[in-house]
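See below for the structure under consideration.
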Amino acid sequence: MPELPEVETVVRGLAPVLDGAAVRRVRVRRRDLRWPVPSGLERHLSGARITGVRRRAKFGLIDTDRGHTLIFHLGMSGRLRLDPSERLPHDHVELETDGHRIVFHDPRRFGSLHLVPTAEAARHPLLAGLGPEPLDPDFDGEALAQAARGRRVAIRALLLDQRAVAGIGNIYACEALFRAGIHPARAAGRIARPRFERLAHGLRAVLEAAIEAGGTSLRDHAAVDGALGWFQRALAVYGREGEACPACGHAIRRQRLHGRSAFFCPRCQR
DNA sequence: ATGCACTCCTGAACGC
DNA sequence: TGCGTTCAGGAGTGCA
């Protein structure tokens with residue numbers, strides 16, 4: 001389940017391979033992803049040179065010298081495979097450069113590909129409303145406090161809202177809340193100001209540690225070279241229902257919240 | 001504006 | 001063994 005650290009891992013793996021490379025051929029085997037693969041993808045990318053690979057929230061952006069940017073989202077089960085030795089089911093799109101092949105593989109097809117003029121990438125509907133990057137140097141508790149003002153939703157739901165803060169999914173929302181000692185069901189607007197500072201710090205710390213470890217590979221994530229991320233070993237609460245809280249030893253609890261599991265320590269998180 | 005259920009999809013895990 | 005059910009969840013949609 002690619003969240004910010006997993007996408008960052010993919011982008012970092014992709015950049016040295018794609019930066020400066022020329023796209024030789026694009027092959028689309030399946031167009032019906034989360035949204036249809038743009039019909040002009042092959043035409044606009046073939047022959048273009050890649051000028052950069054970057055990330056915004058959970059999106060990867062590949063810029064070309066033709067003024068187009070390819071945006072990818074990995075959804076739930078998406079992977080980018082670099083120079084795969086065999087073709088697999090669900091290999092939907094293939095990008096051949098002068099030297100490598102990048103394959104977009106996505107069994108559940110919650111992922112998507114988009115092509116936009118580079119100058120308008122930030123205004124694309126999927127990117128336009130995104131909140132601040134939690135790893136941006138300017139990101140702090142104030143940004144979270146502002147997004148939470150007057151809101152009655154559970155803080156976990158607010159963290160998952162990409163307009164409030166970008167790139168967070170269920171795993172890192174749960175982990176950051178544990179680090180900040182905040183109960184996932186607590187109403188966002190009823191959290192005292194200093195606690196947002198702890199939450200912002202918890203988010204940053206857990207995301208940086210996860211990137212360092214190459215992300216969390218629960219089921220679907222892997223770096224472009226197929227390497228698994230090792231951060232699941234460092235998860236304190238996510239997926240650990242019944243296990244001992246690493247801080248106090250109390251059993252980790254799982255609670256259904258808005259249709260999704262929230263994992264937390266009922267003693268440490270209030 | 002806000003909150004929330006529903007929807008898409010497939011594979012893994014589970015129960016009988 | 002084999003079938004059915006449940007779950008995972010990012011993010012748009014549509015409703016109250």
Side-chain angles (χ1 to χ4, degrees), chain A residues 1-11 29-37 55-61 71-81 88-93 104-114 124-131 133-134 146-177 184-191 203 207 210 215-222 228-229 231-232 235 237-242 252-264:
Chain A
M1 351 185 141
E3 303 181 31
L4 185 157
E6 289 73 38
V7 179
E8 182 67 26
T9 299
V10 167
V11 163
R29 295 206 160 81
R30 243 196 121 132
R31 303 202 94 91
D32 55 338
L33 306 182
R34 176 72 168 86
W35 283 282
V37 174
R55 179 190 62 75
R56 171 74 169 114
K58 300 172 191 171
F59 296 90
L61 291 84
I71 302 177
F72 65 85
H73 192 290
L74 299 175
M76 277 296 301
S77 58
R79 283 191 193 188
L80 288 176
R81 311 172 63 219
L88 297 179
H90 314 298
D91 281 350
H92 304 311
V93 178
F104 183 88
H105 170 92
D106 187 6
R108 271 168 264 191
R109 304 199 334 267
F110 275 23
S112 56
L113 298 175
H114 312 263
H124 187 277
L126 289 169
L127 304 185
L130 290 173
E133 286 286 328
Q146 207 171 315
R149 196 157 296 150
R151 300 288 304 275
R152 296 184 181 189
V153 282
I155 183 64
R156 205 277 310 261
L158 189 78
L159 290 179
L160 295 182
D161 184 344
Q162 301 298 299
R163 296 167 297 185
V165 53
I168 311 301
N170 199 28
I171 297 174
Y172 298 109
C174 290
E175 292 296 314
L177 288 168
R186 174 168 288 275
R190 305 192 63 115
I191 294 173
L203 270 175
L207 294 173
T216 301
S217 299
L218 288 181
R219 287 183 183 80
D220 299 307
H221 163 72
L228 298 178
F231 195 67
Q232 69 270 28
L235 295 176
V237 291
Y238 186 88
R240 297 200 184 278
E241 181 183 18
I252 300 300
R253 185 176 298 166
R254 173 161 79 144
Q255 183 182 315
R256 204 102 183 134
L257 194 58
H258 302 133
R260 308 192 171 163
S261 293
F263 295 89
F264 62 101

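A note on names: the letters A, B, ... follow the listed sequences, proteins ahead of strands, and every chain is numbered from 1. It should be emphasised that the depicted structure is a prediction, and the values quoted were computed from it without experimental measurement.
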CG on A/L203 to CG on A/L4, rounded to 0.5 Å: 10.0 Å
Axial bend angle, the helix from B/dT2-C/dA16 to B/dC16-C/dG2: five-pair end segments, nearest 10°: 50°
Under-4.0 Å side-chain N/O to phosphate OP1/OP2 contact, [X] with [N]:
X	N	value
A/S77	B/dC9	no
A/H90	B/dG11	yes
A/R34	C/dA11	no
A/Q162	C/dA11	yes

Ring pair (Phe, Tyr, Trp, His ring centres under 6.0 Å) partners of A/F264, counting only residues at least two apart: A/H183
Greater than 12 external heavy atoms within 6.0 Å of A/R163's CZ: no
Side-chain donor/acceptor contact of A/R260 with base of C/dG10 under 3.5 Å: yes
Salt bridge check: are [X] and [Y] linked by an N-O gap of less than 4.0 Å?
X	Y	answer
A/R108	A/D106	no
A/E6	A/K58	no
A/D91	A/R29	no

Aromatic ring of A/F110 stacked on base six-ring of C/dG10, 5.5 Å, 30°: yes
Proximity to the side chain of A/R256 - top-ranked nucleotide from B/dG11, C/dA8, B/dT2: C/dA8
